[in-house]
Amino acid sequence: MYVVNDIAYAGAPREDMKVDQARVVNDYSMLVRFSSGETRLFDAAPLLDVPAFKPLEDKSVFASFQLDHGIVTWNNGAIDIAPEALYEKSYRYDIPA
């Protein structure tokens, strides 16, 4: 248990998750390195059916992502995905030494 601003929380405190680096590796996939140091493979294809992510069908839009304070964004911030959601929807990826 820990206390912040006189509010008690269960578990242990953790740092906010952020994206440190990302790079597109094919049409709708990217390698993402998180603030934890872990690198994961994110496949955006399943999100393309969601209206908010529909513009990412254009591969040039998908490839033109930006990192904004540790969050992956597209279209000047009009589209984004929380680092926690990105982590949850990605797969462990071990980079060969």
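Values below: all heavy atoms of this structure, side chains included; hydrogens, waters and symmetry mates excluded.
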D80, L67, I79 screened by side-chain contact (heavy atoms from CB on, under 4.5 Å) with V72, the one that passes
L67

Quick check on the hydrophobic clustering: are M17 and I81 connected, directly or via other members, by side-chain heavy-atom contacts under 4.5 Å?
yes

Closest heavy-atom contact between D27 and K59?
OD2-NZ, 3.3 Å

Distance check, rounded to the nearest 0.5 Å: N26 atom CG versus L31 atom CG?
9.5 Å

Would you call F42 and K89 a side-chain contact if the rule is heavy atoms closer than 4.5 Å?
yes

Is there side-chain contact between V24 and F65, with at least one heavy-atom pair below 4.5 Å?
yes

Rounded distance (nearest 0.5 Å) linking atom CG of D49 with atom CG of L47
9.0 Å

Any idea how F62 and Y28 line up, ring-wise: parallel (<30°), tilted (30 to 60°), or perpendicular (>60°)?
perpendicular

Treating R40 as the side-chain partner and V32 as the backbone partner, does any N or O pair qualify as donor plus acceptor under 3.5 Å?
no

At what distance, to the nearest 0.5 angstrom, does CD of E88 lie from CG of L86?
10.5 Å

If you measure only the distance, is there a donor-acceptor pair under 3.5 Å linking the side chains of Y87 and E38?
yes

Between Y91 and L48, is there shared hydrophobic-cluster membership here, with clusters defined by ILVMFWY side-chain heavy atoms closer than 4.5 Å?
no

Does V25 offer a backbone N or O that forms a donor-acceptor pair with the side chain of S29 under 3.5 Å?
no

To the nearest 0.5 angstrom, please state how far the OG1 atom of T39 sits from the CD atom of Q21.
8.0 Å

Nearest heavy-atom pair of P83 and G70: which atoms, and what distance?
CG-O, 3.3 Å

With heavy-atom distances below 4.5 Å as the criterion, would you say the side chains of S35 and D20 are in contact?
yes

For the side chain of N75 and the backbone of G77, is there at least one donor-acceptor N/O pair under 3.5 Å apart?
no

Connected via hydrophobic side-chain network under 4.5 Å: I71 and V50
no

Crowding at CG, N76 (>12 non-hydrogen neighbours, <6.0 Å):
no

Give a yes or no on whether a salt bridge exists between R92 and D94, defined as a side-chain N under 4.0 angstrom from a carboxylate O.
yes

